[in-house]
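Below: the structure, in structure tokens.
In what follows, every chain begins at residue 1, and chains take the letters A, B, ... in the order their sequences are listed.
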Amino acid sequence: MKLTSNQIQQLYKFTRQHYVEHFDVQTELVDHLANDIEQIWQEQPKLSFEQARDISFKKFGVFGFMDVVEARSKALSKKYWELVWNIFKQFFTIPQILISITIFLTIAIGFDMFSAKKVLLTISIGVILALFFRLYFLQKEKKKRFKQTQKKWLLEEYIFNIGGGVAFLNLFFQLVIYSPKIVTTNFQLIMSFILTVFILLIYITTFILPSKIEEILRNQYPEYKLV
Amino acid sequence: MGNQKLYKGSLQTIILKLLEENDKMYGYEITQRVKQLTKGELNITEGALYPALHKLEADGLLDVEVAKVDNRLRKYYKLTENGTKETVSRLAEMEEFLKTMQTIVNPKFV
């Protein structure tokens, strides 16, 4: 006996009730449960859909779907930072390296012309404000997309949450609090390099990746165009 | 049913080996195939299978394909080029491991 479309939809609902929010993870679990229910029915045809479903769910153990969700999150977090790294590398090849050099030189010259505290404060406050506005916009965009499609994808969530990169905010807050007044030339150069790297990473995670979201989701999920 | 703990460390190798022989497979199919091959001796749990598949996919050893089967979507896994190479080396490691275990467990046999 095969499951009906209605029962498949009930399985999607069942996974949502068990804390699986994302469609990509739900889909794999729904197919697994469906196969197992059909197998159970072959051996015990008198069981109801709900009884067979519960027998199947029990096989996932005491943590239910949590192990699967956790493993999927880890795998996609790795994927997300791979995407970031691939774009980041391009900023050290021609022609994008010109952008990196410009940022680096602007900061280094800034250190030369103004006090270190002034430079660090200006950059930190600028980055914090940009991050706040951008995150606000991305959260709005995320809600809008979900309203339209009624489906959340795990990688999409990572992109809109800038891969948990809100930690960048803390880093720049620390810079505001602890920025030193006087620094050595070596410190200026190292700091210019580190800040360039962070500014590039923030630009990639908050602007470039969200702008490519459709392309990324199509590449990552073969099922994206099927639904 | 044997001691599942002993099989746990070999789960990824088992998956790779099955995919080497079958081109592409979906999660449930893997659990059933293993059960059938081992005559029920090895029962891969759902909570272990999918994390292993996702890890292999994240490591670039597996690729995925999705097809509509009956009235639902099914995710198939298959080996990438790297996955095929890795399978060969993991199987060699596994054989080496089995030999070593044999020398410890049953020295007269070797």
Bottom line for A/Gln7: the part with an atom under 4.5 Å from chain B's heavy atoms is neither
So for B/Glu29, is it side chain, backbone, both, or neither that comes closer than 4.5 Å to the heavy atoms of chain A? neither
Does a salt bridge link A/Glu21 with A/Lys152, judged by any charged N lying under 4.0 Å from a carboxylate O? yes
Side chain, backbone, both or neither: which part of B/Glu57 has an atom under 4.5 Å from a heavy atom of chain A? side chain
State whether a side-chain donor-acceptor pair under 3.5 Å links B/Tyr28 with A/Asp31. no
Any donor-acceptor pair under 3.5 Å linking the side-chain atoms of B/His54 with those of A/Glu70? no
Residue from A/Leu3, A/Leu29, A/Thr27, A/Asn35 scoring the most non-hydrogen pairs under 4.5 Å with chain B is A/Asn35
Which one of A/Lys74, A/Arg72, A/Glu82, A/Lys78 has the most heavy-atom pairs closer than 4.5 Å to chain B? A/Arg72
Would you call B/Lys24 and B/Leu19 a side-chain contact if the rule is heavy atoms closer than 4.5 Å? no
Checking A/Glu38 against chain B: side chain, backbone, both or neither under 4.5 Å from a heavy atom? side chain
Quick one: are the ring centres of B/Tyr26 and B/Tyr77 less than 6.0 Å apart? no
Which of B/Val64, B/Thr31, B/Leu73 touches chain A most, by non-hydrogen pairs under 4.5 Å: B/Leu73
Chain A contacts, top residue of B/Leu53, B/Leu49, B/Thr45, B/Asp70 (heavy-atom pairs, under 4.5 Å): B/Asp70
Do A/His32 and B/Tyr50 have their ring centres less than 6.0 Å from each other? yes
Tell me, yes or no, whether the heavy-atom count around A/Tyr203 atom OH, taken from other residues, nucleotides or ligands under 6.0 Å, exceeds 12. no
Which atoms of A/Lys79 approach chain B - backbone, side chain, both or neither, heavy atom under 4.5 Å: neither
Taking every non-hydrogen pair under 4.5 Å, which of B/Lys68, B/Lys75, B/Arg74 racks up the most with chain A? B/Arg74
